[in-house]
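Notes follow once the structure below has been shown.
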There are 2 protein chains.
Amino acid sequence: MSNPTLEAVARAAGVSRATVSRVVNGSPKIKTESRRSVERAIAELGYVPNRAARALVTRRNESIGVVIAEPTGRIFGDPYFAEVLRGISVGLAAREQALVLVMSQSPEEERRAARYLTGGHVDGVILFSLHGDDPLPEHLKSHGVPVVVGGEPPHGARVSYVDIDNIGGAISAVNHLISLGRTRIATITGTLDMPAAVTRRRGYREAIRAAGRTTDTNLEESGGFSREGGQHAMEILLQRCPDIDAVFAASDLMAAGALSALYAAGRTVPEDVAVVGFDDSIIALSTQPALSSVRQSMEVTGRELANVLLQTIDARDQIVRHVILETELIVRQSTGGPPTRKS
Amino acid sequence: MSNPTLEAVARAAGVSRATVSRVVNGSPKIKTESRRSVERAIAELGYVPNRAARALVTRRNESIGVVIAEPTGRIFGDPYFAEVLRGISVGLAAREQALVLVMSQSPEEERRAARYLTGGHVDGVILFSLHGDDPLPEHLKSHGVPVVVGGEPPHGARVSYVDIDNIGGAISAVNHLISLGRTRIATITGTLDMPAAVTRRRGYREAIRAAGRTTDTNLEESGGFSREGGQHAMEILLQRCPDIDAVFAASDLMAAGALSALYAAGRTVPEDVAVVGFDDSIIALSTQPALSSVRQSMEVTGRELANVLLQTIDARDQIVRHVILETELIVRQSTGGPPTRKS
DNA sequence: ATCCTCCATGAGAGCGCTCTCACGCATGTG
DNA sequence: CACATGCGTGAGAGCGCTCTCATGGAGGAT
């Protein structure tokens, strides 16, 4: 409760407050001797720096806001959010930054959040899962708050971001289906107000065309990034085009939903219909059969988000940084399994 | 960036710093006149109090730690966590408290978290989804940090908690199955190192015995609170006792998994086997057929967690408080639907 | 030996806020 | 009319820390 102060440590170590402060903050110009005695005093007294006092003078809060502006249902049905959050948590912990979680679901809450975030309570903000033309990133940036966005930022926003190679991932998935000899390849898209959903669809279309075929919007249906949406989309697709022999779903969760719909319609996977998901989340391994999927490391995304933000904060600049992470197609049973396999 | 200070507001309003402070903090003894001019000045300058400065003198941080010590996979596959978190978020927002999220997954991280939480960085801590005999609640409490636990606290820990009526909920679910004339009622339990899982199983057993039947451990199998676990548990149960005609699953997610297993085994729901879940989360409505389920409001749980904690902090006492929330059985198609229905 | 340099350290101001205390003025009482 | 009462307000200390600037002493150059 009543933590010892710098002053107390200084007295115990027989040095001045300033020296203790230097030791605590790792200043190089300290004699090993005094450093040692200070460290001992710190350990003995169980000293922990007072964040508030430090923040007051440094004008840093040692904490980062993480905003998720998404209906609860969606947020946590999909492991995606958890894993990104987890990566952020790891990235921040390494620098002793606190993660302040802000969940806003109504315009009223969003206003409150914006006020909080621009009120100097956090050193920077990570936003992810943005929809449409959310003005929040620009708003924060114009108030001088460092911002980084997970995924492609809203159109026109000049902010830093960390994204994955959505288009390349989608192309590799569809190429894989093509190489399997599939000819009627459908796609279940995400919520089309999100850039990731649009970009994955673009990759799908490009791969189809690159193979000399024509795209057909009858083979595209939105699954809203949810399991049920995926299932429903698959039902619609089967109704429209019963001859579908492959599906590329823009998330594993939707792919899992699609599997249910396929079974309900009496199709076998991968024999009748090959299925590829996206994310390679834990879900991909838990479906029957296991899903081929475009792997992205959500945890790395989270960690990079933290890194880019901390970098921006440290540099005190307004430079727009971005990081694009690779994806990799993982082939499993839902498309017939890996090419060769012993035993 | 350079926010105006109290001083600046005071000058603009022609009063002293103290008066502005009183207005900001809602002190009653302020003349309406000066209050008004201060408020105008605040609005004009866009003044936002500096949290750090305030925290320094009040020794409050206006922030609450929320700890989730759970493997990421589990956390976010189940909407439960999201909804409780959401409730906490709402409860804290009402009091302008920041939510500091701490995710710890390894013993090392847990130590770091403990150090942070006892370091005076937060005014209180909410813990949920505790396993086994986690010493964290006691540890925090002994360091004078106000704590409240979601769910039944570890055995012997004298800490405040918010829980739901697990036993009553389980009993009502099983009674419902009994009233349907089902005779071979199985249960899929959660992770048995968690009190909620054990208590729900106890409710199941009590209801069976109260109906004059005997319990049979062959009819009990753990599903580990995951979808796949539920599916697997159902497969085992069917193998052991092919004559099962009803299942009570300790979570909707496991019930959803059980449905898959039942279909794979060629059973119909609710005709061959009636299924009841627990939580009444969004999942219950998205399965085919919709799940009967024991409703608990996870958002209310979260809000109560926040309330109890804030109350404890305000009172500066060590009183152990607890809140038990009601549950309610919601009957849907997975047990044959509501008793009567028009149209 | 004298001066200069340089490095480790100490002294002290001040970050923005709250809160106690004292003061002045209006009102009520004898 | 003198006095107590009380309410609204201002002055000022101080929360724990960082950081600038001054200081003293060791060591090298002359």
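Order of the sequence lines sets the chain letters (A, B, ...), proteins ahead of strands, with each chain counted from 1. Just so it is clear, the structure is predicted and the values come from calculations on it, not from any experiment.
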Problem set entry | Ion pair check, B/Glu83 and B/Arg86, cut-off under 4.0 Å | no

Atom CG of B/Asn25 and atom P of C/dC19 are separated, to the nearest Å, by 7 Å

Winner on side-chain proximity to A/Val57, out of C/dC15, D/dC15, C/dA8, is C/dC15

Taken to the nearest whole Å, CZ/B/Arg59 to C1'/D/dC17 is 13 Å

Between B/Arg112 and B/Ser104, does a side chain to side chain donor-acceptor pair (under 3.5 Å) hold up when you go through it step by step?
-> CA-CA 9 Å; B/Arg112 181 206 287 274; B/Ser104 72; over 6 Å; no

Q.
Tell me whether A/Arg36 is salt-bridged to A/Glu33, with the criterion being a basic N under 4.0 Å from an acidic carboxylate O.
A. no

Output for pair (A/Thr19 OG1, A/Lys31 NZ), nearest 0.5 Å, gives 10.5 Å

Indicate whether OP1 or OP2 belonging to D/dG10 is found under 4.0 Å from a side-chain N or O atom of B/Thr19. yes

note: B/Glu62, atom CD; C/dG16, atom P; distance rounded to Å ~ 18 Å

Rounded to whole Å, CG of A/Asn61 lies from C1' of C/dC17 at a distance of 15 Å

- Query: Does C/dT9 have OP1 or OP2 sitting under 4.0 Å from an N or O in the side chain of A/Ser34?
  - Reply: yes

When rounded to whole Å, the CZ to P distance for the pair A/Arg60 and D/dC17 reads 18 Å

(message) Looking at B/Arg95 and B/Asp123, is any side-chain nitrogen of the basic one under 4.0 Å from a carboxylate oxygen of the acidic one?
(response) no

- Going by heavy atoms in the side chains, are A/His121 and B/Glu62 under 4.5 Å from each other? no

What orientation do B/Tyr80 and B/Phe128 show, parallel under 30°, tilted 30 to 60°, or perpendicular over 60°?
perpendicular

Within residues 40-49 of chain A, those residues having any heavy atom closer than 4.0 Å to DNA chain C are none

The nucleotide from C/dC17, C/dC15, D/dT18 with an atom nearest the side chain of A/Leu56 is C/dC15

Review point. C/dT18 phosphate, OP1 or OP2: any side-chain N/O from B/Ser21 under 4.0 angstrom?
Key: yes

**Q.** Under-4.0 Å side-chain N/O to phosphate OP1/OP2 contact, B/Asn50 with C/dC15
**A.** no

Could you check if a side-chain atom of A/Val67 sits within less than 4.5 angstrom of a side-chain atom of A/Leu117, using non-hydrogen atoms only?
yes

State whether the distance check finds a donor on one side and an acceptor on the other, under 3.5 Å, for side chain A/Arg22 versus base C/dG10. yes

When rounded to whole Å, the CZ to C1' distance for the pair B/Arg35 and D/dC7 reads 14 Å

Under a 4.0 Å heavy-atom cutoff, the residues of residues 5-18 of chain B touching DNA chain C are B/Thr5, B/Leu6, B/Arg17, B/Ala18

B/Lys31 atom NZ is separated from C/dC25 atom P, nearest whole Å, by 12 Å

query: When you look at A/Glu138 and A/Lys141, which way does the salt bridge (charged side-chain N to carboxylate O under 4.0 Å, His left out) test go after all the steps?
result: CA-CA 5 Å; A/Glu138 278 290 351; A/Lys141 200 183 171 193; 6.0 Å; no

